[in-house]
Amino acid sequence: DGSIITIPVVVHVLYRNSTENISVAQIQSQIDVLNEDFRRTNPDADNTWSQAADSEIQFCLTTIDPNGNATTGITRKQVTRQDWGTSDDMKRTSTGGVNPWNTSEYLNMWIVPQMTSGGNTILGYAQFPGGSAATDGVVMGYNYFGRVGNVSAPFDGGRTTTHEVGHFLNLRHIWGDSNCGNDFVSDTPTHQTSNGGCPVGKVSCGSTDMVQNYMDYTNDSCMNLFTQGQKARMRATLLSGGPRAALGL
Ligand code: ARG
Ligand code: ZN
Ligand code: CA
C-alpha cells in the first residue's frame with residue numbers, strides 16, 4: 001500500500017498525586033517513542049534481523065476533541081484508588097474512571113497509578129480489534145509510560161506502550177501464548193515461551209529467538225523491532241475493510 005497512516009491519540013491520566021500526574025513532556029516522550037518504533041527511526045535499531053520493518057504507522061496527540069473544539073489531547077482526573085486491576089474500571093466514569101472518546105476515531109490511552117492481577121504488577125494491557133467499543137484502547141501504569149519523568153527501569157524506554165499498541169493493532173505475543181505457539185506471523189521465529197531480561201542468542205523450538213521483538217517480554221533496552229509480517233498484520237487492521245479502518249482517516 002505504501003501510505004503513511006497517522007493515528008490520533010487521547011491520553012486520560014488518572015492520578016492521586018503530582019508524581020502520578022505525569023507531565024506533558026513525559027506524555028510527549030511516549031508519542032515520540034511510538035513514532036520512532038513504528039517508523040523504525042528508533043536510535044537502537046540494528047541489523048540483527050533483516051525482516052525488520054518500518055510499519056508506516058505514526059501517532060499524534062489529537063488536537064480536536066469529540067465536540068470539534070481545540071484540545072491538548074490529554075485529560076486529567078484526580079482519583080483516590082491506587083490499584084485499578086485489569087477489569088476496565090479506568091474506562092468508565094461509572095466505576096471511577098474516564099469514558100473513552102469515540103473509539104472509532106481515537107486511540108484511547110488510560111494512565112493509572114497501579115495495576116495488579118493475582119498479586120503481580122501489570123505494566124499495561126490492551127484490547128484486541130473486535131472487542132467492545134466502550135472499553136477499546138490501551139492502559140499503562142504511569143511509571144511505564146514515556147522515557148522521561150517518572151519512569152521505572154528496566155521498563156523506562158516507552159516499550160510497554162509500543163507492545164500494547166501492537167496488541168491493539170492485532171499482534172499476538174511472539175511465543176503465541178503457548179509452548180512453541182503460533183503468533184500468526186510467518187517471519188517471526190517460533191519461541192518456546194516468553195523471554196525476560198535480554199537473552200540474545202537463545203535457541204528454542206529449533207531456531208534463535210527474536211528477543212529484540214516488541215512482542216516479547218524482554219527489557220525495554222533489549223527491544224528494537226517489528227517485522228514485515230507484523231507490519232502487514234497491523235496495517236490490515238487499519239486499511240479499508242479492516243476492523244480499525246476509520247482510525248487515522
Ligand atoms: N505485560 C504486558 C503485556 O503482556 C506488557 C509487557 C511490556 N514489556 C516491556 N518490556 N515493556 O501486554
Ligand atoms: Zn502483551
Ligand atoms: Ca511466527
Side-chain angles (χ1 to χ4, degrees), residues 26 29-30 33-34 36-38 42 44 49-53 84-88 90 107 109-112 114-129 131 135-147 150-200 202-234:
Q26 185 170 341
S29 79
Q30 182 62 69
V33 170
L34 287 171
E36 292 173 8
D37 289 354
F38 280 78
N42 47 308
D44 55 358
W49 298 94
S50 62
Q51 63 271 56
W84 286 78
T86 55
S87 303
D88 299 330
M90 70 292 288
L107 165 47
M109 298 188 179
W110 289 266
I111 308 305
V112 296
Q114 184 187 51
M115 286 177 278
T116 69
S117 176
N120 298 313
T121 295
I122 304 297
L123 307 178
Y125 76 100
Q127 182 170 299
F128 286 112
T135 55
D136 205 21
V138 298
V139 188
M140 281 68 58
Y142 79 92
N143 52 328
Y144 310 117
F145 189 75
R147 64 179 164 196
N150 302 326
V151 288
S152 302
F155 306 111
D156 51 355
R159 262 68 195 256
T160 297
T161 306
T162 299
H163 175 110
E164 301 312 334
V165 173
H167 285 314
F168 177 84
L169 296 175
N170 210 26
L171 297 187
R172 302 310 199 242
H173 288 137
I174 195 163
W175 69 98
D177 293 307
S178 68
N179 194 320
C180 301
N182 187 359
D183 68 351
F184 308 106
V185 174
S186 59
D187 66 358
T188 53
T190 305
H191 289 205
Q192 182 170 18
T193 186
S194 61
N195 290 299
C198 195
V200 173
K202 179 180 171 182
V203 173
S204 76
C205 315
S207 58
T208 301
D209 282 8
M210 189 185 275
V211 300
Q212 302 87 348
N213 197 277
Y214 297 125
M215 301 316 291
D216 204 343
Y217 268 180
T218 47
N219 290 342
D220 282 13
S221 60
C222 189
M223 302 173 156
N224 71 69
L225 80 148
F226 289 120
T227 67
Q228 296 287 345
Q230 289 174 318
K231 169 184 180 173
R233 205 171 153 85
M234 292 194 283

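First listed ligand is number 1; within each ligand, the first listed atom is number 1. Index from 1, following the sequence. Source: prediction; values computed, not measured.
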* **Check: M215 and M210 side chains under 4.5 Å, non-hydrogen atoms** => no
* Structure fact -> A student checking ligand 1 against G124 at a 4.0 Å heavy-atom cut-off should list atoms 2 (C), 3 (C), 12 (O)
* Would a distance-only check, ignoring hydrogens and angles, find a side-chain to backbone donor-acceptor pair under 3.5 Å from N182 to G176? -> no
* Numbered atoms of ligand 1 (with element) below 4.0 Å of H167, judged on heavy atoms -> 12 (O)
* Which residue and non-hydrogen atom of the protein lie closest to atom 10 (N) of ligand 1, and at what distance in Å? -> T218 O, 2.6 Å
* Where on Y217 is there a heavy atom closer than 4.0 Å to ligand 1, on the side chain, on the backbone, on both, or on neither? -> side chain
* To do: Check ligand 1 against M223 and write out every atom of the ligand that is under 4.0 Å from a heavy-atom position of the residue.
  => 9 (C), 10 (N)
* the Ca ion (ligand 3) neighbourhood, protein N/O/S only, threshold under 3.0 Å -> D183 OD1, V185 O, T188 O, T188 OG1
* Asked: With a 4.5 Å heavy-atom cut-off, do Y214 and N42 have their side chains touching?
  -> yes
* Asked: Between the side chains of D88 and Q127, does any donor sit under 3.5 Å from an acceptor?
  -> no
* Asked: Is it true that a side-chain atom of Q26 and a backbone atom of N150 form a donor plus acceptor pair closer than 3.5 Å?
  -> yes
* To do: Looking only at distances, please establish whether an N/O atom of ligand 1 is found under 3.5 Å from an N/O atom of D220.
  => yes
* To do: May I ask you to list the atoms of ligand 1 that are less than 4.0 angstrom from any heavy atom of E164?
  => 2 (C), 3 (C), 5 (C), 12 (O)
* Between OG1 of T208 and NE2 of H191, what distance do you get to the nearest 0.5 Å? -> 9.0 Å
* To do: Name the orientation class of the two ring planes belonging to F128 and H167 (parallel below 30°, tilted from 30 to 60°, perpendicular beyond 60°).
  => perpendicular
* To do: With sequence neighbours excluded, tell me which residues meet side chain to side chain contact (heavy atoms under 4.5 Å, CB included) with S194.
  => W175, D216, Y217
* Find all atoms of ligand 1 within a distance of less than 4.0 Å from any non-hydrogen atom belonging to R159, and give their numbers and elements. => 11 (N)
* Asked: Sub-3.5 Å donor-acceptor pair from the side chain of Q212 to the main-chain atoms of N224, do we have one?
  -> no
* **Side chains of E164 and L123 in contact at under 4.5 Å (non-hydrogen atoms)** => no
* M115 versus G124, closest heavy-atom pair with distance -> CE-CA, 3.9 Å
* Determine, step by step, whether D209 and N195 satisfy the side-chain contact (heavy atoms from CB on, under 4.5 Å) criterion, reporting the C-alpha distance in whole Å, the side-chain angles of both residues, the deciding distance to 0.1 Å, and the verdict. => CA-CA 9 Å; D209 282 8; N195 290 299; 3.1 Å; yes
* Asked: Taking only protein atoms, how many N, O or S atoms are found under 2.8 Å from the Zn ion (ligand 2)?
  -> 3
* To do: Apply side chain to side chain contact (heavy atoms under 4.5 Å, CB included) to D187 and list each qualifying residue two or more places apart in sequence or on a separate chain.
  => Q51, V185, T227, Q228
* Asked: What atoms of ligand 1 come within less than 4.0 Å of a heavy atom belonging to H173?
  -> 4 (O)
* **Contact check, Y125 vs ligand 1, heavy-atom distance below 4.0 Å** => no
* To do: May I ask you to decide if D183's main-chain N or O and R172's side chain share a donor-acceptor pair within less than 3.5 Å?
  => no
